[in-house]
Amino acid sequence: MGQHLMMIMRRVSSNQKLIMWRYFMVAPVVQDRCWLVLLSFMKLPLLGQSVWMGHYQDTTYTEDMVQGGGWCNTLKNCVYHKKTRHGSSIYMEKEIQFTGILSDKPQENPDFFNWNRVKLRYCDGASFSGDSQDETAQLYFRGERIWSAAMKHLMSKGMRYANQALLSGCSAGGLASILHCDKFKELFPSNTRVKCLSDAGLFLDVMDIAGGHTLRGMFGGLIRLQGVQKNLPLSCTNHLNPILCFFPQRVIDNVRTPLFLLNAAYDSWQILASLAPPSADFHGRWQGCRKNFALCDASQIRFLQGFRNQMVTIVRGFLRFKKNGMFLNSCFAHCQTERQDTWFGYGSPHIRNRGIAKSVGDWYFDRVAVRVIDCPYPCDNTCHNLVFK
């Protein structure tokens, strides 16, 4: 949004810290053949992030992760964002830890620890899909251009030689990994194994506690302000309002590339910002429940069970395709791939003795089909639930 739109970081030592440069495109990646690109989220109630993972051996793998950092849907909040790490590289962290799916330790990340891992910083406020500007406010929405330029640069640095690649993302980055999944696949030869992973990116178009559509309103402002419509899948916009096509539920069935959905059935961000935001909570009844599920009464739990049921219904068509995978746990969480305690380790979340890291690895390497949906709350005692003060 500001003048410095993007940074790419590289791992520089075994302690998994990253150093980053304030340039548009800097990615000194070796020409190995396994890559991970991550788009992920670091802090509630904001969204998303990006990352690549790659292999440093003779075999070829690629994993990409894209970073998220929230959306902005009005001139006022976009002007605010451009003075933060969510809108300009000037304000981004100088170092970042690679953990979870980005870890380089086999005991923390058994399937992807030795891949090239790249993290694409996110600051466009529209899941790498914006392309417009407002000269008066000095706002430049360049998410789609950043995506294209980053991919072109990384391909020139060796990613084009990959024989295995994974595009991943968390939150707003999880949505970006869905929207860009087929574009990512098209970068590689047909014999390259290319798949995508969306973590906490399944944002639902559902009614909030007041009977409105809070998230639909947010997305509407974002799409109009940032010129997102032209970058959304034509398979959706050809017959639906573009606002509806920013919701993954109307896109996932038409993604041609194998896609894995990792989501909490009681997504913490969606409870806070979409289902029970203060703007819809006229009498303050949800003030405690939205932050701490243990404070929800029976009627509130029934409402949240209804949200879970809608999510389960929405993915039925998606799961008809054998290429796709799913891990839907009944937790109050948001983003589970970059946190070590939820990705892989003692006491990490499981569904029927299957953890998240193993599920993603089994699906990616075609070891076994993975389509697991947890029983409703409160049956899962392995959750790492989020509680907010």
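By convention here, the first residue in the shown sequence is residue 1.
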Does any non-hydrogen side-chain atom of M159 lie less than 4.5 Å from one of M151?
yes
So, for Q300 and L295, which heavy atoms are closest and what is the spacing to 0.1 Å?
OE1-O, 4.0 Å
Return the minimal non-hydrogen interatomic distance between G361 and R367, and the atom names on each side.
C-NH2, 3.2 Å
Side chain of R320, backbone of R316: donor and acceptor closer than 3.5 Å?
no
Under a 3.5 Å distance rule, please check whether T382 uses its side chain to pair with a backbone N or O of P349 as donor and acceptor.
no
Counting distance only, does the side-chain N/O of D131 pair as donor-acceptor with the main-chain N or O of R142 below 3.5 Å?
no
Sub-4.5 Å side-chain heavy-atom contact between F247 and L215
yes
side-chain contact (heavy atoms from CB on, under 4.5 Å), that's the test. Do T99 and E108 meet it? Break it down for me.
CA-CA 8 Å; T99 58; E108 296 178 349; 5.7 Å; no
To the nearest 0.5 Å, what is the distance between CZ on F246 and CH2 on W71?
6.5 Å
For the atom pair CG (L319) and CD1 (I373), what is the distance rounded to the nearest 0.5 Å?
5.5 Å
Start with the C-alpha distance between F303 and L275, add both sets of side-chain angles, then the distance that settles side-chain contact (heavy atoms from CB on, under 4.5 Å), and finish with yes or no.
CA-CA 9 Å; F303 183 86; L275 295 179; 4.2 Å; yes
Keeping to residues at least two apart or across chains, list the disulfide (SG to SG under 2.5 Å) pairs with something in residues 275-305.
C289-C296
Please tell me if the side chains of V360 and D111 come closer than 4.5 Å, counting only heavy atoms from C-beta onward.
no
Is a side-chain N or O of Q336 found less than 3.5 angstrom from the main chain of L262, in a donor-acceptor match?
no
From CA spacing to verdict: salt bridge (Lys or Arg N to Asp or Glu O under 4.0 Å), D374, R308:
CA-CA 10 Å; D374 212 350; R308 172 197 174 271; over 6 Å; no
Output the distance between atom OG1 (T136) and atom CG (L75), rounded to the nearest 0.5 Å.
9.0 Å
Please assess L259 against F321 for the test side-chain contact (heavy atoms from CB on, under 4.5 Å), listing each intermediate value before the final yes or no.
CA-CA 10 Å; L259 174 63; F321 300 97; over 6 Å; no
Does the side chain of S177 come within less than 4.5 Å of L197's, by heavy atoms?
no
Are the side chains of Q270 and V206 in touch, meaning some heavy atoms are under 4.5 Å apart?
no
If you take all heavy atoms of C72 and N77, which pair is closest and at what distance?
CB-OD1, 3.1 Å
Counting distance only, does the side-chain N/O of D124 pair as donor-acceptor with the main-chain N or O of F141 below 3.5 Å?
no
Distance-minimising heavy-atom pair for T214 and P277:
OG1-CG, 3.7 Å
How many angstroms lie between atom CZ of R371 and atom NZ of K322, to the nearest 0.5 angstrom?
8.0 Å
Is the cationic atom of R290 (NZ for Lys, CZ for Arg) positioned less than 6.0 Å from the six-membered ring centroid of F388 and within 45 degrees of its normal?
no
Are I351 and F327 close enough that some pair of their side-chain heavy atoms sits under 4.5 Å apart?
yes
Would you kindly confirm whether M207 and L304 end up in one hydrophobic cluster when ILVMFWY residues are joined by side chain heavy atoms under 4.5 Å apart?
no
Indicate, with yes or no, if M311 and L244 share a hydrophobic cluster defined by side-chain heavy-atom contacts under 4.5 Å among Ile, Leu, Val, Met, Phe, Trp and Tyr.
no
Transitively linked via ILVMFWY side-chain contacts under 4.5 Å: M155 with F128?
yes
Donor-acceptor check, side chain of H81 to backbone of C123, threshold 3.5 angstrom: yes or no?
no
List the residues meeting side-chain contact (heavy atoms from CB on, under 4.5 Å) with K83, not counting sequence neighbours, and say none if there are none.
Y91
Strictly below 4.0 Å, N to O, side chains only: are D297 and R285 in salt-bridge contact?
yes
Measure from the side-chain N and O atoms of D182 to the backbone N and O of R256, and report whether any donor-acceptor pair falls under 3.5 Å.
yes
Heavy-atom distance under 4.5 Å between the side chains of F113 and K105, does that happen here?
no
K185 atom NZ, neighbour heavy-atom count above 12 within 6.0 Å:
yes
Heavy-atom closest contact (V370 atom, W363 atom, distance):
CG2-N, 4.0 Å
Are the aromatic ring centres of F332 and Y377 under 6.0 angstrom apart?
yes
Check whether any side-chain N or O of K82 sits under 3.5 Å from a backbone N or O of Q138 as a donor-acceptor pair, and report yes or no.
yes
Quick check: is L179 connected to L240 through a chain of hydrophobic side chains (ILVMFWY, heavy atoms under 4.5 Å apart)?
no
Just verifying a value: how many Å separate S274 OG and F203 CZ, rounded to the nearest 0.5 Å?
9.5 Å
Path from I314 to V312 over hydrophobic side-chain contacts below 4.5 Å:
yes
Any chance the rings of Y364 and F260 have centres within less than 6.0 Å?
no
Nearest-0.5 Å distance, SG of residue C196 to CD1 of residue I252
13.0 Å
Side-chain heavy atoms of Q249 within contact of Q310, under 4.5 Å
no
Verify, without hydrogens or angle tests, whether T84 (side chain) and H86 (backbone) share a donor-acceptor contact under 3.5 angstrom.
yes
Check the pair S103 / Q340 against side-chain contact (heavy atoms from CB on, under 4.5 Å), numbers first and verdict last.
CA-CA 8 Å; S103 173; Q340 193 60 54; 4.0 Å; yes
Under 3.5 Å, is there a donor on one side chain and an acceptor on the other for W343 and S348?
no
Tell me if a side-chain donor or acceptor on R250 pairs with a main-chain N or O of T237 at a distance below 3.5 Å.
no
Between H384 and G347, what is the shortest heavy-atom contact and its length?
NE2-O, 2.6 Å
Near N238 CG, under 6.0 Å, is it more than 12 heavy atoms from other residues, nucleotides or ligands?
yes
